[in-house]
Chemist: 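Below you'll find the structure I mean.
Throughout, residue positions are numbered sequentially from 1 according to the sequence presented. Only this structure's heavy atoms are used, side chains among them; waters, hydrogens and symmetry mates stay out.
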Amino acid sequence: MHLGKSVSLVSTTDDGYKGDDEYELYRDIWGIPHLRAPDPLRLSYAQGRTTALDRAWQLEIERLRAEGASASLLGADSVAWDRFARQSRLADTARRCHEALDPETADWVRAYVAGVNDGLASGAARDARFANAPEPWEPWVPLAIWISTHILFAGFATKLWRERVARALGDEAATLFATDGPGTAGSNGWLVPGDRTATGSAIIAGDPHRFIENPGVYQQIRIACPEYDVLGLAVPGVPGIAHFGHTGSVAWAITNAMADYQDLYAERLRHLADGRIEALGPDGAWEPVERHTETIAVAGAEPVEVEVLETARGPVIVREYDEAGVSGAAGAAGVSGVSGEAGVNGEARAGAASSEEDASGPEGGGRTLSLRYPPRVRRDLGFAALPALLRARTVADVDAALDGWAEPVNVVHAADTEGGLLHRVAGAVPLRDPSNRLRPVPASDARHAWQGWAKTPAEPVQGFAVMANARGIASPLGVEFAPPHRANRIRELLSGSADWSPKSMAGVHADTHLASAAPLLALLPALDGLSPAAAALRTRLLGWDRHMDADSTDATVFSAFRAATVRRFAADPVFAGLADAPGGPEVFHPWLYLLPRVGYALEGLLTTALLPALDRAGHVRAALEETAATGAPDTPWSEVHRLAPWSALPDPDTEWPGLGGDHDCVNATSTVPGFTDLASRASAARYVWDLARREDSLWAVPLGADGVTDSPHHLDQLPLWARCELVPVVTDWARLTKESA
């Protein structure tokens, strides 16, 4: 049973927040919380407490990950993340950003934390996964969760991959594998103005694509006080409704802008006899490097010590030596011309008056790379925008609030009941040399320093606006974008009607057309001398409607053929220099393996002129023969294309549903072509915001509203979500059930 009817708002924490009024907690038939309180502070408290009641386990995991302490609960497999979290100074950045908050926003965040702390014990008591009581939160923890959730969102690790590609295939091939995978970036969004809807008012719809987690990464919630009444999708552990919200008079939604706003710097360090470390700065002078050691507790294993370094550019996140103990001498020229004398390993340093080390490229030799990211530079996460969004009444209010947005950088759609429309980019993007966006750059070269902040673009809405991570409004701010297929398909579908309603939007969400199949299928007609089985398979594939429908057997056969093609491409000698398992920190490995990179970039590899030695036709022929000979599973796509969510403590007995769609479909249920047909990344939520009547809006999440595994609302939305169906938004308080304590 949930707790919380008319819960007293007397905080028992020492964070400075006190209150003596009450809030009211209601739920709809899906268990979605609806909160009412007398003022914004008490409402923020109520949001925090309710989130702790529903999702205490999730909050505990997110806090530990943000603090770089998840291995203390989850064991050795989490050490790699904890090491990165500490070396990149996520928690310290959150503390600094919290200290810089304006007083009003700081009070609002503290109220949320007070609510979390007052609800954690009751929430933990509902969940058998807790062996010990969770620790209380510090006031800065919501900011740390926000940073840890988004620190890899912009994919700076792709710069390590581009460096690897450039070394193997030449500088001109650095962006050869440009694609939207395998990172977490993605989302669809579309804005249909009133002249194309049945009601005459705008509709905003879409879905964010993220790794599906259990519990879910978005929380359906409604928060109301005399100042505002807002429903939307919150991030558990963070107050307010940041990304997707509807106030009644204005609604907004975002997608990832695919902007590049984090840099990697190749550092040249020297070690002094007294133990200090210095880095060569852009003015030619040696600068002090902050240095300390932290200890990661590991459940079931010995603790792990982590050296934490920070230069004037930022925290050092990669520091390695080659087999001879040298950092940088062998391959220093590989990173944007960095070169220098050989350093020595740690054992030799102790007796030296000084020694120097340089960073080489990401493969081979040693390297020292620092990470520069806006929140650490600016001491600002843009949290003041969160309460401002809740108070918004018009598109102009949303626009003004987003002027203070920082991270991540998003493309935004907004519409209001007065007919106002908004299509803009929001976030902090540094101005610097274009080469910074491509690869690690030398810290000692002044031309790579940041030179202020870019103006984020906006453009008028004409017809309808679509955002799906493709090149467009955010093009000046990024390097790699998603293929245009999802965006083009959404435009095509929207063009088919001028009478859109919220319910009809579900058909757009569910679309499974796979345009990226065309380049591969286009090679089939020219193949001659095929075996009878392969020729029959070719005929079948060319007759396929190119929809990855859940019940399609042709989709299953195509996926098998595509997987065989990807594996053969990856084994081609032209990619031999990329075939080895990646080195360096494990947290970056998903960006550095060849097979997934080939799988996601197959469309471009089939057509590029940069690889004349690649035997495309030969590989496609062999893959077709292989698929025909082995007998591709002639079963519905949903039999092999099943959901595979991440969970801190997975339940092996849970049977996850089969899905339609694929990574380039509007119904973007991402496989890893050539590796698996399972889908771990998909729509983390779906929404339709109706500006005519908010109560006609619709939404759904992959699992449910409750994070407790044996709760009736833990998985109750899953069957609907799997079919791309939506549940109604309820706004009438009389139709809700008030919670009893």
Side-chain angles (χ1 to χ4, degrees), residues 56-98 129-138 140-157 160 183-184 210-211 213-215 217 235-238 262 264 290-310 314-320 367-371 373 375-376 381 407 582-592 646-650:
W57 175 256
Q58 182 179 21
L59 294 187
E60 177 73 351
I61 296 299
E62 293 304 321
R63 177 187 68 82
L64 291 172
R65 283 177 56 81
E67 295 178 356
S70 59
S72 65
L73 179 63
L74 304 179
D77 287 346
S78 295
V79 168
W81 168 264
D82 287 350
R83 179 182 289 110
F84 168 72
R86 290 170 184 258
Q87 289 180 330
S88 57
R89 312 211 66 186
L90 301 188
D92 183 71
T93 302
R95 292 186 192 98
R96 296 183 184 195
C97 291
H98 182 267
R129 289 171 291 188
F130 279 97
N132 301 299
E135 294 183 12
W137 283 23
E138 297 292 333
W140 47 265
V141 168
L143 287 78
I145 289 176
W146 189 263
I147 297 174
S148 67
T149 299
H150 296 107
I151 186 66
L152 296 175
F153 206 69
F156 68 80
L160 300 176
T184 59
R210 297 199 179 202
F211 285 108
E213 298 182 13
N214 182 13
V217 299
V235 175
V238 178
Q262 303 160 321
L264 292 175
E290 296 182 24
R291 180 187 193 185
H292 69 275
T293 301
E294 298 182 10
T295 301
I296 299 173
V298 184
E302 293 297 314
V304 175
E305 284 198 348
V306 178
E307 184 180 46
V308 179
L309 302 178
E310 185 166 9
V316 171
I317 60 168
V318 176
R319 190 163 182 238
E320 298 172 343
R367 53 180 174 168
T368 300
L369 301 178
S370 62
L371 171 66
Y373 59 105
R376 187 139 188 93
L381 269 177
E407 165 134 2
E586 293 177 28
V587 73
F588 304 138
H589 285 186
W591 283 266
L592 301 177
W646 178 88
S647 178
L649 291 178

Chemist: Run the salt bridge (Lys or Arg N to Asp or Glu O under 4.0 Å) test against Glu60 and tell me which residues pass, sequence neighbours left out.
Modeler: Arg63
Chemist: Quick one: CD on Gln87 to CG on Leu371, what's the gap to the nearest 0.5 Å?
Modeler: 11.0 Å
Chemist: For Glu305, give me all partners under side chain to side chain contact (heavy atoms under 4.5 Å, CB included), at least two apart in sequence or on another chain.
Modeler: Thr293, Thr295
Chemist: May I ask you to test the His98-Glu138 pair for a side-chain heavy-atom distance under 4.5 Å?
Modeler: no
Chemist: Can you list everything that forms a side chain to side chain contact (heavy atoms under 4.5 Å, CB included) with Ser370? Sequence neighbours excluded, please.
Modeler: Tyr265, Glu267, Thr311, Arg313, Val316
Chemist: With sequence neighbours excluded, tell me which residues meet side-chain hydrogen bond (donor to acceptor under 3.5 Å, both in side chains) with Glu294.
Modeler: Arg86, His292
Chemist: Minimum heavy-atom separation for Ala154 to Gln262, with atom names?
Modeler: CB-OE1, 3.5 Å
Chemist: List the atom of Ile145, the atom of Pro236, and the distance in Å for their closest heavy-atom pair.
Modeler: CG2-O, 4.1 Å
Chemist: Side chains of Pro315 and Val308: closer than 4.5 Å at any heavy-atom pair?
Modeler: no
Chemist: Taking atom OG of Ser78 and atom CZ of Arg65, what is their separation to the nearest 0.5 Å?
Modeler: 7.5 Å
Chemist: Apply side-chain hydrogen bond (donor to acceptor under 3.5 Å, both in side chains) to residues Thr93 and Arg376 and explain how you reach the verdict.
Modeler: CA-CA 5 Å; Thr93 302; Arg376 187 139 188 93; 2.8 Å; yes
Chemist: Are Ile317 and Phe156 close enough that some pair of their side-chain heavy atoms sits under 4.5 Å apart?
Modeler: yes
Chemist: Heavy-atom distance under 4.5 Å between the side chains of Leu74 and Ile61, does that happen here?
Modeler: yes
Chemist: Evaluate the side-chain proximity of Val298 to Asp82: yes if any heavy-atom separation is below 4.5 Å, no if none is.
Modeler: no
Chemist: Just how far is it from atom CD of Glu67 to atom CG of Leu90, taken to the nearest 0.5 Å?
Modeler: 11.0 Å
Chemist: Could you report the tightest heavy-atom contact between Gly583 and His589, atom names first, then the distance?
Modeler: O-NE2, 3.3 Å
Chemist: Once rounded to the nearest 0.5 Å, what's the spacing between atom CG of Leu381 and atom CZ of Arg96?
Modeler: 13.0 Å
Chemist: Could you list all the ring pair (Phe, Tyr, Trp, His ring centres under 6.0 Å) pairs where at least one residue sits in residues 66-85, not counting sequence neighbours?
Modeler: Trp81-Phe84, Phe84-Phe588
Chemist: Identify the two heavy atoms, one from Leu64 and one from Ser72, that lie closest to each other, and give their separation to 0.1 Å.
Modeler: CD2-OG, 4.2 Å
Chemist: By ring pair (Phe, Tyr, Trp, His ring centres under 6.0 Å), which residues pair with Tyr373, not counting sequence neighbours?
Modeler: none
Chemist: Checking His150 now: which residues fulfil ring pair (Phe, Tyr, Trp, His ring centres under 6.0 Å) with it, not counting sequence neighbours?
Modeler: Trp146, Phe153, His243
Chemist: Mind listing the closest non-hydrogen atom pair of Ala157 and Leu592 along with its distance?
Modeler: O-CD2, 4.4 Å
Chemist: My understanding is that only residues two or more places apart in sequence, or in another chain, count here; which of them pass ring pair (Phe, Tyr, Trp, His ring centres under 6.0 Å) with Trp57?
Modeler: Phe130
Chemist: May I have all residue pairs that pass salt bridge (charged side-chain N to carboxylate O under 4.0 Å, His left out) and include part of residues 141-157, sequence neighbours excluded?
Modeler: none
Chemist: Minimum heavy-atom separation for Ser88 to Ala85, with atom names?
Modeler: OG-O, 3.5 Å
Chemist: Tell me, please, which residues at least two apart from Arg95 pass salt bridge (Lys or Arg N to Asp or Glu O under 4.0 Å).
Modeler: none
Chemist: Only counting residues at least two apart or in another chain, list the ones meeting side chain to side chain contact (heavy atoms under 4.5 Å, CB included) with Ala94.
Modeler: Trp140, Leu143, Ala144, Ile147
Chemist: Looking at residues at least two apart in the chain, or sitting in another chain, which of them share a side chain to side chain contact (heavy atoms under 4.5 Å, CB included) with Val217?
Modeler: Arg210, Glu213, Ala684
